[in-house]
Amino acid sequence: LIYAVLDFFAVDAFCSVLSQQFEGAVVPVEYSIVDESKIESGSTVIFFGSSLFTAARRNLARQAERRLLPGIRVLNSPGRVKPRSPVSSARTAVEVLRHARDADFPLSLRVDHPAGFFESPALYTFAELADTIAEWVMASTRIEDIWAVPMNDFDAGSRSKVYRAGAEIFGCPPQHRDQLQLIFQEARVDVGVVDFAICSGQLKLWRLDDGPAALMPHPEMTSEWLHALAKS
Amino acid sequence: MVIFLTLPEGTGHIDAFYSRYGARARRRVAEITYHELLRRGRAPGAAYVFTDRERMNLPQRRIAANIWDQLLAGGAAFRTYNHPLKQLGRFELLRKLYDMGVNRYNVYRLAELPTKVRFPVFIRAENDHNGPRTALVHTRAELDQETDRLLLHGLEPENLLVIEFEDTSDESGFFHKRGVLLAGDETVANHIYTSKSWIGKSETANETLAQREASDEFFRNNPDAELVMPFFELAGIQYGRIDYCISGGAIQVWEINDNPSYGGGSRAYKDLRCGAWMAAIESLAEGLPTGHGISIAIDPPDLLEALKH
């Protein structure tokens, strides 16, 4: 049995969208109600999204991990996963607004949250950028969570995803396998997803996510994904 | 026309009520989120009610205030209620009422929690209307444990309030929570929820027939209108519902909700009150001339200013 420990925002989405795929194999649990004594020895616990936690919340997640019974396998340990940093070309939305003249359009705005991720279509002008930020803030997105990424660094059409489930990696182009594996290893993410693009033969990282999106590989991959987790 | 502006978390209260009871009035009362208004970029002449102040962070309140200014500059066809920067939040209101000697219980932010607190206490979030997040907590150790649980849940420490429990039950152990709606100049005495539970939500009400009749009498007579008006004024709220009780001959205020739901209670409860609610809501646009719509947008420099820490 696999226990998926999720941010409370993600639990409903998980239950409504993915329960059929994982029924009987994966049990969603909210971080705050993990009952360590009820997780049996021999099962697997995956902590999702902790790379974006505040230091205080991460520390509490670490304590919850320590309380788990012996013989339980832990993936994405909150004590190991590195705090997530944005890709190198990303700047905060506020910074881009402040230095409008230097802005490198087209831009895409993106939000990373322990519960999930979303991004805007390409934005071509300063006014479009400001309108989108204002709308997102009023739609209750925290300004601290909004990043702006220049689209010129990426060819949006060629973006792909690679999933890691324990020792296995799915959807990986063979020539970049080692590099992508290294990205997961350095981030200390056992179960996650990397969004990347190949630009002029170079691998460009768009996002590395240890959130619940990592539990959403293509439906055809589900059984392989579970099998890989069981093996790892 | 009356337009309620809400955050995504606060949508549906007006819509659900008018779908059930006021389908014919749908052209006179509408609900829209702030971000949808910005996306549309146009605002029709109407009375605008700014709601969800408590759910907003400071940048959101500043952007809402910018929308307020634009609407008011639109001329006589625009009217506004509940200024998002001039209202007191839950913490400010309750602390002020304690300092003024109105409320007997105090409220603390986590960061300023003194060593000695009057137990029992409970925790609730400052920025939602979901009620207490804990049962009554009797010791400091228990309080620390509950705080950790809520932080691990993802709640922001700056949004957590520790509130001293004030026992307002009568000699039979019943709690009687009153609610009065204010809409502009109109008040409606909504209810007295009687419950064995201190939480006092409609779902926890387990009243006798006599208690239900007392609630209906309260609605018909509206006895507390003058009593509660100063608290709305103090909080800077022209549309909302005050929740309070009368205990030991004095009022104890729990909160003022600027986006109250009309969904709770039995069908008979709502049938009795719906006419008064609609009349109060529609009075917000009374005497408002019709006029052209205006464009709404947040200028980048204003946005930058709003986003400042």
Side-chain angles (χ1 to χ4, degrees), chain A residues 5-11 29-35 47-50 52-65 67 78 92-101 103 113-115 125-146, chain B residues 5-11 32-41 50 52 55-67 84 110 127-128 133-134 144-160 295-309:
Chain A
V5 186
L6 304 162
D7 187 273
F8 74 100
F9 277 121
V11 171
V29 189
E30 275 181 39
Y31 266 96
S32 59
I33 53 174
V34 177
D35 185 348
F47 288 91
F48 284 103
S50 70
L52 285 175
F53 281 5
T54 57
R57 194 176 177 195
R58 176 192 290 268
N59 193 34
L60 291 166
R62 241 180 244 154
Q63 290 171 23
E65 181 193 346
R67 288 193 296 268
T92 66
V94 172
E95 203 183 331
V96 173
L97 267 182
R98 197 174 292 137
H99 305 288
R101 284 184 192 164
H113 186 274
T125 65
F126 189 52
E128 272 183 12
L129 178 78
D131 286 348
T132 308
I133 293 172
E135 280 173 30
W136 282 14
V137 169
M138 292 315 281
S140 298
T141 307
R142 289 178 354 141
I143 185 64
E144 299 88 327
D145 295 334
I146 307 178
Chain B
L5 296 173
T6 75
L7 290 181
E9 304 91 309
T11 54
I32 182 176
T33 58
Y34 291 99
H35 77 274
E36 184 59 31
L37 178 68
L38 289 173
R39 186 173 298 164
R40 290 184 189 180
F50 286 62
D52 286 336
R55 290 187 169 103
M56 289 187 202
N57 54 34
L58 186 57
Q60 287 176 311
R61 293 208 297 276
R62 287 177 181 149
I63 293 171
N66 187 298
I67 295 173
L110 271 189
N127 58 345
D128 68 32
R133 296 292 189 139
T134 63
D144 291 343
Q145 198 179 356
E146 288 297 319
T147 307
D148 284 354
R149 184 181 62 79
L150 292 170
L151 296 181
L152 186 56
H153 189 62
L155 293 177
E156 309 278 348
E158 58 271 22
N159 285 333
L160 294 183
S295 296
I296 293 283
I298 309 295
D299 287 337
D302 291 341
L303 178 61
L304 203 50
E305 193 60 33
L307 298 176
K308 267 189 188 167
H309 277 292

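Just so we're on the same page: letters track the sequence lines, and every chain starts at 1.
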Item to check | Pairwise distance CG(Leu152(B)) to CZ(Phe53(A)) - rounded to 0.5 angstrom | outcome: 6.5 Å
Checklist entry - Is it the side chain or the backbone of Glu9(B) that comes within 4.5 Å of chain A heavy atoms, both, or neither? => result side chain
Next on the checklist: Out of Asp299(B), Leu307(B), Leu37(B), return the one with the most heavy atom pairs under 4.5 angstrom to chain A.
Outcome noted: Leu307(B)
Checklist entry - For chain B, which of Ile133(A), Ile143(A), Val137(A), Val94(A) has the most heavy-atom pairs under 4.5 Å? => result Val137(A)
Item to check | Selection from Arg39(B), Arg149(B), Glu36(B) maximising heavy-atom pairs under 4.5 Å formed with chain A | outcome: Arg39(B)
Next on the checklist: If I measure from the heavy atoms of chain B, does Ala134(A) come under 4.5 Å with its side chain, its backbone, both, or neither?
Outcome noted: both
Checklist outcome for this item: Honestly, the part of Glu95(A) sitting under 4.5 Å from a heavy atom of chain B is neither
Item to check | Contact summary for Phe126(A) and Pro300(B), nearest pair of heavy atoms | outcome: CE2-CB, 3.4 Å
Checklist entry - Does the side chain of Thr33(B) come within less than 4.5 Å of Met138(A)'s, by heavy atoms? => result no
Next on the checklist: I need the Leu151(B) CG to Asn59(A) CG distance, nearest 0.5 Å.
Outcome noted: 11.0 Å
Next on the checklist: How about CD on Gln145(B), more than 12 heavy atoms from neighbouring residues, nucleotides or ligands closer than 6.0 Å, or not?
Outcome noted: no
Item to check | Short side-chain to backbone donor-acceptor contact, Arg57(A) and His153(B), under 3.5 Å | outcome: yes
Next on the checklist: Only pairs of heavy atoms separated by less than 4.5 Å count here; which of Ile298(B), Leu7(B), Asp148(B) has the most with chain A?
Outcome noted: Asp148(B)
Next on the checklist: Using heavy-atom distances under 4.5 Å, tell me whether Ala64(B) contacts chain A through its side chain, its backbone, both, or neither.
Outcome noted: both
Checklist outcome for this item: So, the part of Leu97(A) with a heavy atom under 4.5 Å from chain B: the answer is both
Checklist entry - Taking Arg55(B), Glu156(B), Lys308(B), Met56(B) one by one, which has the highest count of heavy-atom pairs under 4.5 Å against chain A? => result Glu156(B)
